[in-house]
Amino acid sequence: MNLVEIRRLSKSFGGLSVINGLDLQLGENEILGVIGPNGAGKTTLFNLISGVHAPSEGSIFYRGVDIGRAQAWDRCRLGIGRTFQVPRPYARMSVYENVLVAAVHGGGLSSRAARKEAEQALDLTGLARRYAEPAGQLTLLDLKRLELCRALAIRPRLLLLDEIAGGLTDAESLALLDIVRQVHRRGAAIIWIEHVLHALRRLASRLVVLHGGGLLADGDPEAVLADPRVKAVYLGE
Amino acid sequence: MAKLTSYAAPLRGLLVLGAVALAFGPWLFGGVTQIFLTQFFCMLVLALMWNLLAGYADIVTLGQHGFVGVGAYALYGFTALGGVNPFVAVLLAGLVAFLVAIPTMALVFRLRAVYLAVGTWVVAEALMLTAGKLPGLGQGSGASLPVAVARMLGATPSARFASIYWLAFALALAAFLTTYLLLRSRIGLGLTAMRDNEEAAGAMGVDLRRARILCFLLTAPFLGVAGAVITLQKLRVSPMSSFSVNEWTVFVIFNVVIGGIGSLEGPILGTLLFFVLRDHLADLGPWHLIVLGALSIATMLLEPRGLWGLARRALNFDLIPVSRAPSREFAARFQGGPTPQGEREISAHPAE
Ligand SMILES: Nc1ncnc2c1ncn2[C@@H]1O[C@H](COP(=O)(O)OP(=O)(O)O)[C@@H](O)[C@H]1O
Ligand SMILES: [Mg+2]
């Protein structure tokens with residue numbers, strides 16, 4: 001059984017149709033890269049999967065259950081963790097407390113176990129030294145780390161990453177790939193939206209191109225990137 | 001630069017000492033001061049409750065006065081009409097407010113944001129109109145509590161002042177402790193995340209709906225009991241004053257906003273300031289309201305975290321600690337590195 005099965009999914013805001021009859025499957029433990037021009041609907045897709053928005057039409061099956069109309073917190077508790085492209089820290093809480101929220105509420109852990117989980121996630125993402133700072137004072141780079149850290153603290157079965165690699169140095173980028181690899185090994189499937197192609201190339205086993213709310217291509221990353229239609233639309237050639 | 005954090009313990013000690021002293025109020029203060037403090041305690045309860053709703057649970061209610069009025073009329077009904085002892089009736093008034101909160105919630109929770117605010121206000125006004133129509137409760141012009149009821153509070157006027165004082169003090173203490181313990185609990189962790197970013201809180205597993213329901217049902221009995229205590233002090237009910245939108249909602253909002261919304265210290269500070277200013281502003285008549293309104297709008301624009309936010313930036317520690325820390329072993333690894341929150345110097349604190 002696939003972990004995620006998206007069937008004929010559509011979403012429009014007012015008159016603006018952003019996702020149009022999208023079909024997409026994700027296997028257990030797969031790493032799926034998602035690319036597409038700005039405004040293609042990538043973030044909207046995450047909002048639909050994680051429960052920020054309800055679909056206009058269609059369904060989202062997760063482990064065999066249609067979660068398309070479930071509350072965001074229930075989906076999180078089922079193991080769907082996400083990052084926000086524009087970071088949304090709990091600005092007045094400390095970095096540690098930000099992560100603790102996810103471990104306690106999303107992970108459903110006891111206080112003691114949640115503390116340990118949060119500490120481990122902070123160590124893994126390199127934020128441990130900043131644990132006591134109010135999250136609102138972090139740099140953009142650290143805010144993106146915090147997004148990842150929070151999502152990890154729920155112990156996700158499905159991890160949705162929305163452009164977390166932008167602006168990293170080569171070394172930082174490698175460190176990030178290593179973290180994602182570890183989370184994957186721990187038993188999570190990952191959907192990763194990214195403009196930084198080399199990151200996806202190294203990790204994704206499959207790549208889809210979203211364009212105009214539908215799939216333009218779906219398959220092996222190198223084959224997809226070589227597709228002339230993809231080049232035309234996405235790479236602007 | 002001097003480490004202001006070293007003032008944390010003494011300041012907290014002072015706060016506790018002050019609270020302990022207030023417990024002995026009737027032996028320490030004269031009648032006028034007791035009346036003044038009784039009013040302060042009641043307003044503090046309203047501020048703590050509005051802060052919990054609007055500051056944390058994103059329920060910006062304009063209908064607090066509805067539950068205060070329900071508590072007032074319930075007290076009148078139980079004591080004057082039902083012959084119940086006023087000490088018992090105060091608690092029953094809280095129960096009535098709780099029962100009224102259930103259908104109210106079912107109604108207003110269908111609404112969000114501005115619509116919810118207006119909805120709560122409409123409900124409160126409807127409750128006021130209903131109270132004015134109830135038979136045996138004085139209708140539009142209100143009614144005074146029978147002398148016999150007042151006598152049950154104490155044989156002499158000073159004994160009565162003391163009884164009401166202690167009721168109000170116990171209520172304020174209970175409201176404070178409830179809020180404090182709630183904010184330190186797992187639910188409080190979620191509420192604090194909601195305060196800072198609702199959507200991100202939901203995405204990390206915080207059950208926003210359950211948190212809202214809990215807060216709404218928790219605040220209603222406190223508001224009802226406050227209304228009952230206020231009524232014991234005023235010795236009368238009337239739709240206009242028992243359900244006063246100005247006194248029990250508008251002023252309360254000003255106090256919380258000026259003091260600092262979304263903190264535990266803010267409502268206390270704001271209510272204190274309100275009473276310090278009140279006597280000076282009372283001479284201004286209707287300008288009183290305008291001055292406070294202008295002050296709270298200025299606060300929203302210049303320092304959204306209020307006076308306590310301002311003080312907090314300088315002090316760098318919470319007077320009433322509700323935040324969580326990691327394990328000792330974890331924290332110990334960073335000793336000597338970047339200093340933990342609350343220990344940094346002010347210059348290291350960029351504007352947020
Ligand atoms: N909440 C919303 N309300 C209205 N329009 C939205 C909303 N969210 C996204 N959109 C619109 O949907 C389109 C796709 O946005 P998005 O999913 O963020 O694209 P991407 O992440 O691929 O850059 C954009 O035109 C955007 O303006
Ligand atoms: Mg996007």
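Order of the sequence lines sets the chain letters (A, B, ...), proteins ahead of strands, with each chain counted from 1.
Both the backbone and the side chain of A:Arg150 have a heavy atom closer than 4.5 Å to some heavy atom of chain B. For A:Val52, the part sitting under 4.5 Å from any heavy atom of chain B is the side chain, from C-beta outward, and nothing else. Heavy atoms closer than 4.5 Å to chain B are found in both the backbone and the side chain of A:Arg82. Only the backbone of B:Ala325 comes within contact range of chain A, judged by heavy atoms closer than 4.5 Å. Using a 4.5 Å cut-off between heavy atoms, B:Arg209 contacts chain A through both its backbone and its side chain.
Chain A forms the most heavy-atom pairs under 4.5 Å with one residue out of B:Leu189, B:Val206, B:Asp207, B:Asn197, and that residue is B:Asp207. Among A:Val104, A:Leu122, A:Asn98, the residue making the largest number of heavy-atom pairs under 4.5 Å with chain B is A:Val104. Comparing A:Pro89, A:Ala114, A:Ala128 by heavy-atom pairs within less than 4.5 Å of chain B, the highest count is held by A:Ala128. Between chain B and the residues A:Asp74, A:Asp123, A:Ile80, A:Ile154, the most heavy-atom pairs under 4.5 angstrom are made by A:Asp123.
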Report the C-alpha separation of B:Ser327 and A:Glu119 in whole Å, then their side-chain angles, then the decisive distance to 0.1 Å, and conclude whether the side-chain hydrogen bond (donor to acceptor under 3.5 Å, both in side chains) test is met. CA-CA 8 Å; B:Ser327 64; A:Glu119 289 173 359; 2.8 Å; yes

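A donor and an acceptor atom, one from each side chain of A:Thr169 and A:Glu172, are located under 3.5 Å apart.
Scanning residues 104-119 of chain B against chain A with a 4.5 Å heavy-atom cutoff picks out nothing at all.
Ring geometry for B:Phe176 versus B:Tyr180: interplanar angle under 30°, hence parallel rather than tilted (30 to 60°). Between A:His53 and A:Phe13, the ring planes lie perpendicular to each other; the angle is over 60°, past the 30° to 60° tilted range.
Here the side chain of B:Trp50 pairs no donor or acceptor atom with the backbone of B:Thr249 at under 3.5 angstrom. A donor-acceptor contact shorter than 3.5 Å is absent between the side chain of A:Arg130 and the backbone of A:Leu138.
Judged by a 6.0 Å distance limit and a 45° cone about the ring axis, A:Lys42 is not positioned over the six-membered ring of A:Phe46.
Between A:Arg7 and A:Asp23 there is no salt bridge, since no side-chain N of the basic residue sits under 4.0 Å from a carboxylate O of the acidic one.
Side-chain contact between B:Phe330 and A:Arg115 is absent, with no heavy-atom pair separated by less than 4.5 Å. In this structure, A:Leu32 and A:Trp192 have side chains that are not in contact, with every pair of non-hydrogen atoms separated by 4.5 Å or more.
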